[in-house]
Amino acid sequence: MYQEKEPVAVTIEKVTETPVTKSEAYKDVLAGTCGGIAQVLSGQPFDTTKVRLQSAPEGTYNGAIDVVKRLLKNEGPAGFYKGTLTPLIGVGACVSIQFGTNEFMKRTFLAQNEAAGLKDTSLNPTQFFLSGAAAGLANGFLASPIEHIRIRLQTQTSGPLLYNGPIDCVKQMYQGSGVPGVFRALTPTLFREAIGMGLYFLTFEALVQKDTERNKIARTEIPGWRLCLYGAGAGYAMWGAIYPVDVVKSRLQTDKLRAGEQQYRGAIDCARQIMRTAGVGGFFRGFMPTLLRAAPVNACTFYAFELARRSLG
């Protein structure tokens with residue numbers, strides 16, 4: 001799939017006909033890790049701004065610019081990278097799972113198409129979506145606690161700190177509500193990941209496939225700037241579909257630690273309270289910085305993955 005020389009008539013999925021080996025899986029995971037690191041370093045400032053807008057009480061900020069101004073004034077530029085260590089390690093693992101699972105599912109569907117004797121064995125949109133959805137579900141169980149830790153660290157403002165780092169944060173979450181406290185908002189996270197990743201990979205792969213067919217080139221011949229554009233498009237497709245779910249997840253993960261003190265009984269109750277207090281607009285707080293983040297972050301993610309995968313052979 002990633003060899004440098006391919007017949008120009010071969011479509012994007014034809015190149016995955018090489019038998020799957022452990023070596024190929026390791027390469028997918030390693031390339032995914034590279035994509036995850038690129039994602040965190042390019043997106044953390046946007047993500048910190050988004051989370052503070054999502055989780056702050058109504059009226060705290062007058063928009064994303066207000067968040068940025070206050071953060072710079074009270075915490076300095078380093079404030080944008082609060083809680084970075086956890087996602088730098090964790091998101092690298094998450095994205096490696098996403099890309100590794102997606103590539104595995106693509107190969108599985110390709111094998112099914114070949115076994116069925118189809119004239120055109122290329123993956124169809126449903127198969128692309130299901131491959132991405134499987135990647136999202138596989139990642140969701142890891143992403144839930146990682147994002148929970150990151151969000152609690154990101155929302156610490158100037159003054160006495162509630163948590164003295166990721167380890168202390170985990171300890172306090174566990175003391176507050178046990179294992180369910182650590183995995184707070186797991187259900188909306190899994191829903192977000194399944195739908196979001198399905199659309200994410202479907203969009204990217206569809207754009208890549210159209211490019212290879214239109215220009216009669218192999219995947220490895222697509223220039224980097226076009227891969228970046230396709231990655232940006234994938235990011236917009238994902239966030240445009242699942243942003244309200246992400247708001248609910250963030251609210252749940254910034255709620256009180258102890259079950260008896262929590263404002264929300266669960267995802268449905270949280271959604272009802274958001275609607276009652278802020279209307280439909282409440283589900284889109286922080287949407288603008290997320291859109292601004294989507295293009296560069298996902299462009300970097302896919303470009304880093306594709307470049308690393310080509311380098312690995």
Side-chain angles (χ1 to χ4, degrees), residues 1-3 6-29 31-32 35-36 94-143 189-222 226-227 229-242 245 298 301-303 305-306 309-310:
M1 173 177 174
Y2 295 92
Q3 296 174 354
E6 296 291 342
V8 294
V10 175
T11 64
I12 178 176
E13 291 306 322
K14 293 283 189 178
V15 292
T16 62
E17 292 178 7
T18 302
V20 181
T21 64
K22 287 185 179 180
S23 175
E24 292 299 304
Y26 291 147
K27 290 175 183 177
D28 290 337
V29 170
C94 286
V95 177
S96 69
I97 290 173
Q98 290 170 1
F99 279 88
T101 303
N102 182 64
E103 293 298 318
F104 172 80
M105 292 300 298
K106 283 165 57 182
R107 293 186 181 107
T108 300
F109 281 125
L110 178 61
Q112 289 180 359
N113 291 349
E114 292 174 341
L118 299 179
K119 183 177 181 181
D120 181 5
T121 59
S122 301
L123 271 63
N124 58 49
T126 299
Q127 290 172 325
F128 278 136
F129 177 83
L130 291 176
S131 295
L137 288 173
N139 168 63
F141 291 95
L142 181 60
T189 300
L190 291 175
F191 182 83
R192 182 200 68 181
E193 288 295 298
I195 302 301
M197 286 294 107
L199 291 171
Y200 187 61
F201 285 109
L202 165 60
T203 301
F204 182 79
E205 295 292 352
L207 290 170
V208 167
Q209 188 174 62
K210 188 173 290 294
D211 191 324
T212 59
E213 293 173 347
R214 181 178 61 247
N215 296 303
K216 293 181 170 50
I217 58 175
R219 185 187 187 113
T220 52
E221 296 177 285
I222 298 175
R226 290 213 296 265
L227 291 173
L229 285 179
Y230 303 155
Y236 285 134
M238 175 181 68
W239 284 112
I242 51 84
V245 179
N298 292 292
T301 301
F302 275 104
Y303 180 68
F305 172 80
E306 293 287 334
R309 195 60 182 81
R310 292 178 188 182

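Just so you know, these numbers use all the heavy atoms, side chains as well, and skip hydrogens, waters and symmetry mates.
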Q: For Glu306 and Ile222: C-alpha separation, side-chain torsions, deciding distance, then whether side chain to side chain contact (heavy atoms under 4.5 Å, CB included) applies.
A: CA-CA 10 Å; Glu306 293 287 334; Ile222 298 175; over 6 Å; no
Q: State, to 0.1 Å, how close Phe204 and Gly231 come at their nearest heavy-atom pair, and which atoms those are.
A: CD1-N, 3.8 Å
Q: Start with the C-alpha gap between Thr189 and Phe141, add the side-chain angles, then the distance that decides, and say whether side chain to side chain contact (heavy atoms under 4.5 Å, CB included) holds.
A: CA-CA 8 Å; Thr189 300; Phe141 291 95; over 6 Å; no
Q: Would you please test Lys106 and Asp28 for salt bridge (Lys or Arg N to Asp or Glu O under 4.0 Å) and show each step?
A: CA-CA 12 Å; Lys106 283 165 57 182; Asp28 290 337; over 6 Å; no
Q: Calculate, to the nearest 0.5 Å, the distance between atoms CZ and CG belonging to Arg219 and Leu227 respectively.
A: 8.0 Å
Q: What pairs with Leu130 under side-chain contact (heavy atoms from CB on, under 4.5 Å), at least two apart in sequence or on another chain?
A: Phe109, Thr126
Q: Hey, is Glu213 close enough to Lys210 for a salt bridge, meaning N to O under 4.0 Å?
A: no
Q: Sequence neighbours left out, what passes side-chain hydrogen bond (donor to acceptor under 3.5 Å, both in side chains) with Asn139? Give chain and number order.
A: Glu193
Q: Return the minimal non-hydrogen interatomic distance between Ser96 and Val29, and the atom names on each side.
A: CB-O, 3.1 Å
Q: If every non-hydrogen atom of Leu123 is compared with every non-hydrogen atom of Phe128, which pair is closest and at what distance?
A: O-CE1, 3.7 Å
Q: Can you pull out every salt bridge (charged side-chain N to carboxylate O under 4.0 Å, His left out) where at least one residue sits in residues 125-139? Sequence neighbours excluded, please.
A: none
Q: Looking at residues at least two apart in the chain, or sitting in another chain, which of them share a side-chain contact (heavy atoms from CB on, under 4.5 Å) with Thr101?
A: Ile97, Met105, Ala134, Ala135, Ala138
Q: Once side-chain hydrogen bond (donor to acceptor under 3.5 Å, both in side chains) is applied, do any residues pair with Thr301, and if so which ones, sequence neighbours excluded?
A: Gln39
Q: Report, as yes or no, whether the 6.0 Å neighbourhood of atom OH on Tyr236 holds more than 12 heavy atoms from other residues, nucleotides or ligands.
A: yes
Q: Check step by step if salt bridge (Lys or Arg N to Asp or Glu O under 4.0 Å) holds for Arg309 and Glu103.
A: CA-CA 11 Å; Arg309 195 60 182 81; Glu103 293 298 318; over 6 Å; no
Q: Just wondering, more than 12 heavy atoms not from Tyr303 lying within 6.0 Å of its OH?
A: no
Q: Salt bridge or not between Glu221 and Lys216? Use side-chain N to carboxylate O under 4.0 Å.
A: no
Q: Just jot down the side-chain hydrogen bond (donor to acceptor under 3.5 Å, both in side chains) partners of Asp211, sequence neighbours excluded, or say none.
A: Asn215, Arg226, Tyr230
Q: Can you give the donor-acceptor pairs under 3.5 Å from side chains of residues 194-203 to other protein atoms, not counting sequence neighbours?
A:
residue	atom	partner	partner atom	Å
Tyr200	OH	Asn298	OD1	2.7
Thr203	OG1	Leu199	O	2.7

